[in-house]
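Step one of this worksheet: look at the structure below.
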Amino acid sequence: MSRPLLSVVGADVDVPLLDGRRVRHVNLDHAASAPALESVAERVAAALPYYASVHRGAGYASQVSTSLYEDARATVGAFVGARPDDVTVLVRHTTDALNLLASAVPGRVLVLDLEHHANLLPWREASGGVETLATAPTVAETLARLESALASGGHALVAVTGASNVTGEALPLDAVVASAHAHGARVVVDGAQLLAHRRFSLTETGADYVAFSGHKLYAPFGSGALVGRRDWLDAAPPYLAGGGAVRQVSATDVTWADAPARHEAGTPNLLGAVALAAAADALSALDGAAAQQHEQALVEDLVGGLSAVPGVRVARLWPDSAARVGVVTFALEGTDPGLLAAYLAAEHGVSVRDGRFCAHPLLDSLGWGAGAVRAGVGLASSAEDVQRLLHGVRSWVAGDVHGDYVQEGGTWAVRDDRRPAPFGLTLAPTAAAPCAVV
């Protein structure tokens, strides 16, 4: 039986159900935000007494904070196999990283329509514009389309997901990199969904850039990184104008610093950097093969169990794709995805995501423009978690429903929900939003 491989904060939290029982919370929304690792929380707690200004103070705590921040930068770069001349820019999240690169790319960008909005929308502001390709029905055909587009010339960058946030699938990165480089283009990998599940190395893959978020990597506090080739980032205008990004300022002129300082104006997020580095250390210490085996067993149980439920369809992009990471999206015929997600939470204590997952073009191409339900498993997930979800879906189909569910502000919730909440709060439905920040 698959058991958690790493310990996370909140693993033993119980939640109230509508029938008055309390059960262990099952978090299958890792694809949105993974829970914090206990080792991450411990390192942040150890750093807090030394929390002070970074890069700007002579005091002991400031010196320690600066060292923590720069050590974190080195750790994060090593985590993704940065080359000696690569640069690691610490940012807020994947969306931030890709917007930064969009401001630096000196030419046209090529991207597929299967991408998360974070890897679709920033390129529309790139100086050379963007070409968006339609995804083909197979991996082989999609790669052929990519090659044909690159052969037409004029692309500076190919932006590709390391793993789809809807299906967990991806194009073979070695083929994408080889094709792009053969035609003089660089490659940026959206690693938001990939890095919590698989080893990745810029050096080994030959990819030029990778962008990723701490909150997908079991690290809270709003951290992320863009790691890759230095030249574009040194030549680009500063991502933010302000203190820390400069060498010299006069009343009429400014001399900007090189990257990474060039793009890190303002007081940096020290605790976010510490958390991200701690997560990188924990993931690097894992046996990669064992982690993949653990995840694959959970995905197979989940897909097999869902496929056996009448009316359930599981999303796939390509019949010839390799094994997916731990992201499984499904729809139940005749059931609003938001209603099913609300039911699973209120009557089974299971958290999943519903909606269009910031991937509207992909959902439309799959014929699921009305949305779907997504389960994301991770290193803290267990076989019991998967069975709780499957039991909940089967119970819904069997009509074992006790709550009175209504739509409030575009999202489903229990009418007059009286379940207790911590911190003196009153439970309220999450405000509906067409897309969330990655």
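A salt bridge between Asp385 and Arg24 is present, with a side-chain N of the basic residue lying under 4.0 Å from a carboxylate O of the acidic one.
Inter-residue side-chain proximity for Leu114 and Trp318 is flagged as met; some heavy-atom pair is nearer than 4.5 Å. Asn165 has its side chain within reach of Arg374: a pair of non-hydrogen atoms, C-beta onward, lies under 4.5 Å apart. With contacts defined as side-chain heavy-atom distances shorter than 4.5 Å, the pair Leu362/Phe357 does not qualify. At a threshold of 4.5 Å between non-hydrogen side-chain atoms, the residues Phe212 and Val76 count as touching. Side-chain contact between Val246 and Pro238: absent, with no pair of heavy atoms (C-beta onward) separated by less than 4.5 Å. Between Val314 and Ser307 the shortest side-chain heavy-atom distance falls below 4.5 Å. Val139 is listed as a side-chain neighbour of Pro172, based on a closest heavy-atom distance under 4.5 Å. Here the side chains of Val109 and Glu131 are not in contact, with every heavy-atom distance at 4.5 Å or above.
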Notebook entry, point to check: side-chain hydrogen bond (donor to acceptor under 3.5 Å, both in side chains) between Thr132 and Asp113: does it pass, once the steps are laid out?
Noted result: CA-CA 6 Å; Thr132 304; Asp113 64 355; over 6 Å; no
Next item on the list: Evaluate the criterion side-chain contact (heavy atoms from CB on, under 4.5 Å) for residue pair Ser53 and Thr267; output intermediate values, then yes/no.
Entry: CA-CA 7 Å; Ser53 180; Thr267 299; 5.8 Å; no
Margin query: Could you walk me through whether Glu295 and Arg198 satisfy the side-chain contact (heavy atoms from CB on, under 4.5 Å) test, starting with their C-alpha distance in whole Å, then the side-chain angles of each, then the deciding distance to 0.1 Å, before giving a yes or no?
Written below: CA-CA 10 Å; Glu295 177 184 277; Arg198 298 286 187 274; 2.8 Å; yes
Item checked: Asp258 and Arg247: CA distance, side-chain angles, deciding distance, side-chain contact (heavy atoms from CB on, under 4.5 Å) verdict -> CA-CA 9 Å; Asp258 292 333; Arg247 288 178 177 164; 3.0 Å; yes
Margin query: I'd like to know whether Arg316 forms a salt bridge (Lys or Arg N to Asp or Glu O under 4.0 Å) with Glu169, so could you lay out the CA-CA distance, the side-chain angles of the two residues, the decisive distance to 0.1 Å, and finally the verdict.
Written below: CA-CA 8 Å; Arg316 286 298 298 266; Glu169 298 167 276; 3.1 Å; yes
Next item on the list: Evaluate the criterion side-chain contact (heavy atoms from CB on, under 4.5 Å) for residue pair Phe330 and Leu302; output intermediate values, then yes/no.
Entry: CA-CA 10 Å; Phe330 65 97; Leu302 183 52; 5.9 Å; no
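Applying the side chain to side chain donor-acceptor pair (under 3.5 Å) test to pairs two or more places apart or on separate chains, those with a residue in residues 57-69 are Tyr69-Glu264.
Partners of Ala315 under the side-chain contact (heavy atoms from CB on, under 4.5 Å) rule, at least two apart in sequence or in another chain, are Thr167, Thr329, Leu366, Trp368.
Side-chain atoms of His183 do not come within 3.5 Å of backbone N or O of Gly153 as any donor-acceptor pair. Panel note: side chain Arg230, backbone Ala259; a donor-acceptor pair is recorded below 3.5 Å. Within the 3.5 Å criterion, the main-chain N or O of Val166 finds a donor-acceptor partner in the side chain of Ser164. At distances below 3.5 Å, at least one donor-acceptor pair connects side-chain atoms of Arg199 with backbone N or O atoms of Ser284. The main-chain N or O of Ala279 is never found under 3.5 Å from a side-chain atom of Arg43 such that the two would form a donor-acceptor pair. For the pair His155 (side chain) and Ala185 (backbone), a donor-acceptor distance under 3.5 Å is absent. With hydrogens and angles ignored, the 3.5 Å screen pairs a side-chain donor or acceptor of Ser250 with a backbone N or O of Asp253. Side-chain atoms of His294 do not come within 3.5 Å of backbone N or O of Leu5 as any donor-acceptor pair. Without hydrogens or angle criteria, Arg56 side chain to Val54 main chain gives a donor-acceptor distance under 3.5 Å. Here the side chain of Asn269 pairs a donor or acceptor atom with the backbone of Phe221 at under 3.5 angstrom.
Distance check, rounded to the nearest 0.5 Å: CG of Leu101 to CG of Leu233 gives 6.5 Å. Taken from CG in Asp301 to CD in Gln387, the straight-line distance is 6.5 Å, to the nearest 0.5 Å. Of the inter-residue distances, the one linking Leu195 atom CG with His197 atom NE2 reads 9.5 Å to the nearest 0.5 angstrom. Note that CG of Leu133 and CG of Leu110 are 4.5 Å apart. Values are rounded to the nearest 0.5 Å. One distance of note links CG of Asp96 with NE2 of His263; it measures 11.5 Å at 0.5 Å rounding. Between the NE2 atom in His30 and the CZ atom in Arg353 there is a gap of 13.0 Å [rounded to 0.5 Å].
Closest heavy-atom contact between Leu120 and Leu112: CD2-O, 3.5 Å. Looking at every heavy atom in both residues, Pro319 comes nearest to Pro137 through CD-O, 3.3 Å. Between Asp320 and Ala140, the shortest heavy-atom distance links the atoms OD2-N, 3.3 Å. Considering every non-hydrogen atom in both Val15 and Gly349, the closest pair reads CG2-CA, 4.0 Å. When every heavy atom of Val176 is checked against every heavy atom of Val187, the shortest pair comes out as O-CG2, 4.3 Å. Residues Val188 and Val210 approach most closely at CG2-N, 4.5 Å, considering heavy atoms.
When only modelled atom types and interatomic distance are considered, Asn27 and Ser351 share no side-chain donor-acceptor pair under 3.5 Å. Side chains of Tyr239 and Asn99: a donor-acceptor N/O pair is absent below 3.5 angstrom, by distance only.
Between His348 and Tyr343, the ring centre distance stays below 6.0 Å.
More than 12 heavy atoms of other residues, nucleotides or ligands shown are found within 6.0 angstrom of CD on Glu141. When the shell of 6.0 Å around CD of Gln407 is examined, it contains more than 12 heavy atoms from other residues, nucleotides or ligands.
For the side chain to side chain contact (heavy atoms under 4.5 Å, CB included) with Leu37, the qualifying choice from Leu379, Leu217, Leu6, Val9 is Leu6, the only one to do so.
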